[in-house]
Amino acid sequence: MLYILFSIGNDRYALDSSYVVEIVPRVELWQVPKSPAHVAGVLRYRGQLVPVLDLCWLMYGQPCSARLSTRIVLVRYPGEPGLSHLLGLMVERVTDTLTADEVTFVPTGMTTEEAPYLGDIATDAHGMIHRLRVEALLPAPMRVALLSQSGE
């Protein structure tokens with residue numbers, strides 16, 4: 001299994017590449033009035049409107065920095081059985097990959113209702129890596145509001 005590595009602040013995260021459709025540069029997004037602060041906006045991707053979450057804002061309460069390594073990771077967000085929706089994840093310092101042979105993710109023994117998207121943890125020579133659970137990023141009401149288009 002291949003993981004995409006990114007950082008938010010001093011913390012590192014891994015995203016299972018099987019969810020990833022494409023990684024695109026940070027671009028200007030259309031704003032969504034009255035949306036939660038962590039909804040960065042909407043991206044037009046190959047004729048489709050895709051909601052984009054700012055993971056820096058979601059996790060730490062501040063927007064992603066405008067860095068050359070800040071990217072929008074387009075993922076397939078699982079929907080009804082057999083359907084998926086495109087969702088953009090704005091993240092900082094997308095600079096590396098990791099294979100399952102290089103690390104072993106283990107349960108943390110702790111969960112939090114405020115961050116159900118945080119999965120198991122692995123360690124390597126550079127410290128801890130938290131695995132991101134894509135399927136748990138959106139609470140039910142937001143899932144309905146942001147992904148009301150038909151799935152793929």
Side-chain angles (χ1 to χ4, degrees), residues 1-9 11-100 103 105 107-108 111-122 128-152:
M1 181 174 299
L2 181 68
Y3 295 96
I4 306 298
L5 290 181
F6 63 92
S7 298
I8 298 176
D11 298 323
R12 295 184 309 143
Y13 296 89
L15 175 63
D16 181 341
S17 67
S18 67
Y19 288 100
V20 176
V21 174
E22 189 171 346
I23 300 173
V24 298
R26 181 181 176 169
V27 296
E28 192 165 332
L29 303 171
W30 290 319
Q31 299 304 303
V32 180
K34 307 284 185 185
S35 64
H38 63 276
V39 176
V42 176
L43 166 74
R44 181 175 293 280
Y45 176 75
R46 299 185 185 194
Q48 184 176 351
L49 296 178
V50 178
V52 177
L53 302 182
D54 184 327
L55 290 190
C56 300
W57 192 274
L58 178 66
M59 293 183 190
Y60 293 97
Q62 55 190 358
C64 284
S65 300
R67 303 172 184 259
L68 289 176
S69 60
T70 299
R71 299 283 186 261
I72 297 173
V73 181
L74 296 168
V75 298
R76 284 186 190 88
Y77 188 87
E80 299 296 320
L83 293 178
S84 65
H85 303 271
L86 280 179
L87 178 65
L89 307 176
M90 186 180 298
V91 295
E92 294 179 345
R93 294 179 295 191
V94 181
T95 57
D96 210 352
T97 60
L98 180 74
T99 65
V103 296
F105 285 94
T108 63
T111 58
T112 173
E113 288 182 26
E114 289 80 28
Y117 44 81
L118 294 177
D120 301 341
I121 290 182
M128 294 192 331
I129 305 166
H130 228 130
R131 183 164 46 187
L132 190 70
R133 296 178 57 230
V134 169
E135 70 281 1
L137 275 169
L138 298 175
M142 186 174 282
R143 218 176 10 252
V144 171
L146 289 178
L147 306 175
S148 59
Q149 305 175 34
S150 61
E152 293 183 324

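Predicted, not measured: the structure shown is a model, and the values here were computed from it. Values below: all heavy atoms of this structure, side chains included; hydrogens, waters and symmetry mates excluded.
- Remark: Asp11 CG to Met59 CE distance equals 9.0 Å, nearest 0.5 Å.
- Across Gly88 and Val50, no two heavy atoms sit closer than the pair N-CG1, 3.6 Å.
- Here the options are Asp54, Val27, Leu58, the test is side-chain contact (heavy atoms from CB on, under 4.5 Å), and the partner is Met90; only Asp54 passes.
- Contact of the Tyr3 side chain with the Thr99 side chain is not registered, since no non-hydrogen atoms from C-beta on lie closer than 4.5 Å.
- Shortest non-hydrogen contact noted between Arg12 and Ser7 is CG-OG, 3.7 Å.
- Annotation for Pro78 and Val134: closest pair CD-CG1, 4.4 Å, computed over non-hydrogen atoms.
- Put simply, CZ on Arg131 and CG on Asp120 are 4.5 Å apart, with the number rounded to the nearest 0.5 Å.
- Residues passing the ring pair (Phe, Tyr, Trp, His ring centres under 6.0 Å) test with Tyr117: none are found, sequence neighbours excluded.
- A donor-acceptor pair under 3.5 Å links the side-chain atoms of Ser17 to the main chain of Leu2, judged by distance alone.
- Side chain of Glu92 to backbone of Arg67: no donor-acceptor contact under 3.5 angstrom is found.
- With rounding to the nearest 0.5 Å, the separation of CZ in Arg71 from CD in Glu22 is 11.5 Å.
- Contact check for Phe6 versus Leu132: side-chain heavy atoms found under the 4.5 Å cut-off.
- Taking the side chain as every heavy atom from C-beta outward, Val91 and Leu15 never approach each other to under 4.5 Å.
- Taking every heavy atom of both residues into account, Ala40 and Leu29 meet most closely at CB-CD1, 3.6 Å.
- To the nearest 0.5 Å, atoms CG (Leu43) and CD (Gln48) are separated by 10.0 Å.
- In this structure a side-chain-to-backbone donor-acceptor pair under 3.5 Å is present from Arg133 to Pro116.
- Here the side chains of Leu55 and Tyr13 are not in contact, with every heavy-atom distance at 4.5 Å or above.
- Interatomic distance, SG of Cys64 versus CZ of Arg93, reported as 10.0 Å (0.5 Å rounding).
- Taking CG from Leu137 and CG from Leu53, the interatomic distance works out to 6.5 Å, rounded to the nearest 0.5 Å.
- Contact annotation: the side chain of Ile4 approaches that of Thr97 to within less than 4.5 Å [non-hydrogen atoms, C-beta and beyond].
- Residues Pro51 and Leu49 come closest through the heavy atom pair CD-O, 4.0 Å.
- Closest approach of Arg44 and Trp30 over heavy atoms only: NE-CH2, 3.5 Å.
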